[in-house]
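Written out below as structure tokens is the structure these notes cover.
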There are 2 protein chains.
Amino acid sequence: MKELERIKKQILRQLIKKPSTFWELINYQDSHITAFLQAIRELIDENLVEYKKPFFRITDNVNAFPYKDSGCLLCSPFSKDSYWKEILDKFLEIVKDRPLPTSDFDQGFIRPEDTLKRTAFIYERGDLEDTEIFILGDDDLISLSMALTGLPKRIVVVEIDKRINKFIKEKTQEIGYTNLEIYNYNVINDLPEELKKKFDVFVTDPVETQKGLKLFINRCISALKGEGSVGYMGFTHREASLEKWYNFEKFLIESGFVITDILRDFTTYPEEENQWEDFYRTYRIMKEFDLELPNVDWYKSCFIRFEVVEGPKILNIPLPKNIEELYFDDEAWATPLPSFLEKNKE
Amino acid sequence: MKELERIKKQILRQLIKKPSTFWELINYQDSHITAFLQAIRELIDENLVEYKKPFFRITDNVNAFPYKDSGCLLCSPFSKDSYWKEILDKFLEIVKDRPLPTSDFDQGFIRPEDTLKRTAFIYERGDLEDTEIFILGDDDLISLSMALTGLPKRIVVVEIDKRINKFIKEKTQEIGYTNLEIYNYNVINDLPEELKKKFDVFVTDPVETQKGLKLFINRCISALKGEGSVGYMGFTHREASLEKWYNFEKFLIESGFVITDILRDFTTYPEEENQWEDFYRTYRIMKEFDLELPNVDWYKSCFIRFEVVEGPKILNIPLPKNIEELYFDDEAWATPLPSFLEKNKE
């Protein structure tokens with residue numbers, strides 16, 4: 001989706017609520033003044049908007065979904081508009097019998113409200129409505145939170161864990177959202193050809209090893225259409241040093257992305273719901289200090305948005321030689337040892 | 001300031017409030033697990049912290065300023081701890097008779113509460129206490145909001161507008177903060193030698209022309225000590241396209257910085273207080289559409305933090321040939337024409 005299309009959506013969904021001045025309207029979109037102006041001019045040319053000084057208003061030709069304020073996503077999400085609160089309630093109900101993490105895939109999910117916060121942030125940016133969305137790895141079940149809005153044109157989930165794929169499939173049918181597809185997919189393999197260059201947006205929560213991280217993102221990049229396409233990812237400080245962030249940002253820039261948002265510690269991994277007490281004995285962190293199991297949630301991740309300005313290019317990157325290199329490097333101090341590796345080590 | 005020193009400060013100011021477990025404590029600092037562990041170990045070696053499983057606690061040797069929660073800086077700043085509310089009240093009082101913007105320097109200030117929000121965010125990151133802070137351009141008067149906390153070791157303001165310099169000087173004396181110095185300084189000139197490589201942190205709100213932007217940041221970079229030093233800046237979407245952001249982020253990465261935070265539309269420029277109605281007639285935006293003057297605040301900027309990972313390097317950049325090139329490029333659609341240029345054009 002080109003930047004301009006996104007801006008037009010942000011304008012229309014606001015104008016359908018009420019006629020607005022130029023200055024009111026500019027506060028509800030993300031772009032530079034010139035792109036904003038161009039978007040307005042095109043909307044007027046297309047007979048979707050009219051201008052009677054000082055107000056812009058929609059014409060009868062518009063059939064947009066009115067803007068739903070998601071509230072302050074940092075401290076009081078979904079407090080403004082019952083629309084989001086209702087989706088949250090449904091989502092909480094749906095995820096109740098979700099599959100629990102297995103150490104075999106370095107899993108662990110964020111709080112369901114944080115998953116919806118991500119979806120809401122994507123919505124705020126104009127990246128949810130009528131877009132084609134690619135999700136690599138979905139133990140957070142963000143696909144289902146998106147399906148509940150009914151807003152995306154298409155959602156494709158590629159995921160290695162068949163339990164999760166089965167779960168998403170069943171729940172999507174319950175929801176009645178028909179534009180969701182699921183692929184059993186291992187990130188080690190190239191993306192199926194039919195998924196390449198097909199998406200406006202990707203979302204992923206990559207492993208954070210130097211090699212695994214870039215591999216995840218490269219697979220996602222190959223799914224994007226081109227200029228104006230957007231990536232979203234979770235990324236921690238807990239297991240990724242600033243040197244790793246630096247190296248990764250360099251990679252993003254070289255791939256043709258501008259980073260537009262970095263939301264520090266936006267999401268939390270709940271200890272209790274993940275039921276991963278048993279994993280801790282394999283964490284490197286537990287061997288370095290005489291520690292008890294966590295008494296509070298402590299594993300958090302940032303949420304990052306980046307947008308294609310040029311290309312994107314698919315850079316050549318060194319691939320992990322095996323599963324161990326995919327999951328572990330010097331900085332993976334709170335990553336569980338997969339059971340099949342544990343057996344090897346016994 | 002090295003990353004580790006900052007992490008230690010974040011730990012101590014929390015521990016002085018109450019003994020905490022490893023997992024509680026990790027939530028109040030910004031670093032990777034390994035740096036966090038190293039910081040704790042050093043604090044134990046230095047006899048500042050002791051560990052009696054499961055709690056870490058300070059020893060009698062610690063004399064730190066307890067952590068003051070600044071609240072949700074996006075929607076309800078200073079609502080948690082009266083410390084920040086009191087500083088806000090004092091700051092609002094102080095800025096009442098501030099100098100108003102002149103078009104000669106492309107000025108315009110953010111809301112006083114937003115200035116303090118920036119200071120609070122800098123504090124949250126551990127970049128305020130006991131640091132040496134360099135401020136290039138200060139019509140926002142952030143130096144005074146910092147002086148009110150009394151926390152920085154040293155603040156240096158370099159600013160071209162003598163009215164502002166006089167104002168800051170007077171108010172600093174009223175506040176009774178003695179470690180603030182002010183230089184009359186034009187960004188076109190090299191930084192005075194005695195200011196080079198002396199600071200842990202810089203803060204600036206640069207002009208946003210391609211050339212001016214990098215010039216501002218380069219001057220600031222030359223003031224930084226080295227690895228672990230930090231930059232903060234305001235940057236808009238209103239007058240800077242994503243291409244410009246991309247180009248600038250590339251510049252930051254090449255200079256040796258990792259971008260750690262991008263807070264979208266964190267600050268607002270209040271129309272009424274700036275009293276710049278008269279400027280509008282010279283804005284390019286007003287010539288492109290038949291617009292009335294703003295009925296709401298609409299000019300916002302993001303707040304960005306970046307930290308030196310390598311170097312930093314001072315890159316060779318093309319300098320603006322004259323004042324016009326410093327203030328204007330294709331994207332400067334809401335920048336007032338300085339009166340001396342206006343006269344030239346008549």
Side-chain angles (χ1 to χ4, degrees), chain A residues 3 21-24 26-27 30-37 40-41 51 53-54 71-76 236-246 249-250 253 256-265 285 288-298 300 307 309-310 330-331 333-334, chain B residues 3 21-24 26-27 30-37 40-41 51 53-54 71-76 236-246 249-250 253 256-265 285 288-298 300 307 309-310 330-331 333-334:
Chain A
E3 187 191 6
T21 68
F22 184 89
W23 313 104
E24 287 165 355
I26 204 170
N27 281 325
D30 288 348
S31 194
H32 182 267
I33 295 178
T34 57
F36 174 60
L37 256 183
I40 283 198
R41 284 194 172 127
Y51 180 46
K53 196 176 169 182
C72 177
L73 293 178
L74 284 209
C75 78
S76 51
T236 78
H237 287 294
R238 297 287 187 266
E239 288 196 280
S241 67
L242 287 183
E243 288 70 25
K244 189 178 272 180
W245 275 66
Y246 175 62
E249 288 181 358
K250 206 169 186 172
I253 302 267
F257 291 89
V258 58
I259 305 167
T260 65
D261 300 85
I262 302 178
L263 302 171
R264 185 181 285 266
D265 292 350
I285 177 71
E288 298 284 332
F289 228 100
D290 181 25
L291 295 177
E292 300 201 331
L293 286 175
N295 59 329
V296 290
D297 295 334
W298 69 280
K300 299 186 178 181
E307 183 165 338
V309 172
E310 287 176 18
D330 274 1
E331 300 185 0
W333 281 46
Chain B
E3 188 191 4
T21 67
F22 184 89
W23 313 103
E24 286 166 355
I26 203 170
N27 281 325
D30 288 348
S31 193
H32 182 267
I33 295 178
T34 56
F36 173 60
L37 256 183
I40 283 199
R41 284 191 172 132
Y51 180 45
K53 195 175 172 182
C72 177
L73 293 177
L74 284 209
C75 78
S76 51
T236 78
H237 288 294
R238 298 287 186 264
E239 288 196 279
S241 68
L242 287 184
E243 288 71 25
K244 190 179 273 180
W245 275 65
Y246 175 61
E249 288 182 356
K250 208 169 185 170
I253 302 267
F257 291 89
V258 57
I259 306 167
T260 64
D261 300 85
I262 302 179
L263 302 170
R264 185 181 285 266
D265 293 350
I285 176 72
E288 298 283 334
F289 229 99
D290 181 24
L291 296 176
E292 301 201 329
L293 286 175
N295 60 328
V296 289
D297 295 333
W298 69 280
K300 299 185 178 182
E307 182 166 339
V309 171
E310 286 176 18
D330 275 2
E331 300 185 0
W333 280 46

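Lettering of chains follows the sequences in order, A, B, ..., and the numbering in each one begins at 1. All values below come from the heavy atoms of this structure, side chains included, with hydrogens, waters and symmetry mates left out. Worth saying up front: this structure is predicted, and the values here are computed from it rather than measured.
- Among the candidates L37(A), I33(A), D330(A), the residue making the largest number of heavy-atom pairs closer than 4.5 Å to chain B is I33(A).
- Counting heavy-atom pairs closer than 4.5 Å to chain B, the top-ranked of the candidates E239(A), H237(A), R264(A) is R264(A).
- For chain B, the nearby part of T21(A) is the side chain; its heavy atoms alone come within less than 4.5 Å.
- For A240(A), the part lying under 4.5 angstrom from a heavy atom of chain B is the backbone only.
- For the set D261(B), L293(B), D265(B), L74(B), the count of heavy-atom pairs under 4.5 angstrom toward chain A peaks at D261(B).
- Partners of W298(A) by ring-ring contact (aromatic ring centres under 6.0 Å, His included), not counting sequence neighbours, listed by chain and number: W23(B).
- Counting heavy-atom pairs under 4.5 Å between each of F289(B), Y51(B), Y246(B), F22(B) and chain A puts Y246(B) at the top.
- The shortest non-hydrogen separation linking I26(A) to R238(B) is O-NH2, 3.4 Å.
- In this structure, I262(A) CD1 and L263(B) CG are separated by 9.0 Å, a value rounded to the nearest 0.5 Å.
- For chain B, the option among V258(A), V296(A), L73(A) with the highest count of heavy-atom pairs below 4.5 Å is V258(A).
- The line from CG of D30(A) to CG of L242(B) is 8.5 Å long, rounded to the nearest 0.5 Å.
- Contact tally against chain A (heavy-atom pairs below 4.5 Å) for K244(B), E243(B), E288(B): the top residue is E288(B).
- There is no contact between T236(A) and chain B, counting heavy-atom distances below 4.5 Å.
- For I285(A), the part sitting under 4.5 Å from any heavy atom of chain B is the side chain, from C-beta outward, and nothing else.
- Contact count against chain B (heavy-atom pairs under 4.5 Å) is highest for E24(A) among E24(A), E307(A), K250(A).
- Between W333(B) and H32(A), the ring planes lie perpendicular to each other; the angle is over 60°, past the 30° to 60° tilted range.
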### Task
Begin with the C-alpha distance, continue with both residues' side-chain angles, and end with the deciding distance and a verdict on side-chain contact (heavy atoms from CB on, under 4.5 Å) for T34(A) and E331(B).
CA-CA 8 Å; T34(A) 57; E331(B) 300 185 0; over 6 Å; no
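- Contact tally against chain A (heavy-atom pairs below 4.5 Å) for E292(B), K300(B), E310(B): the top residue is E292(B).
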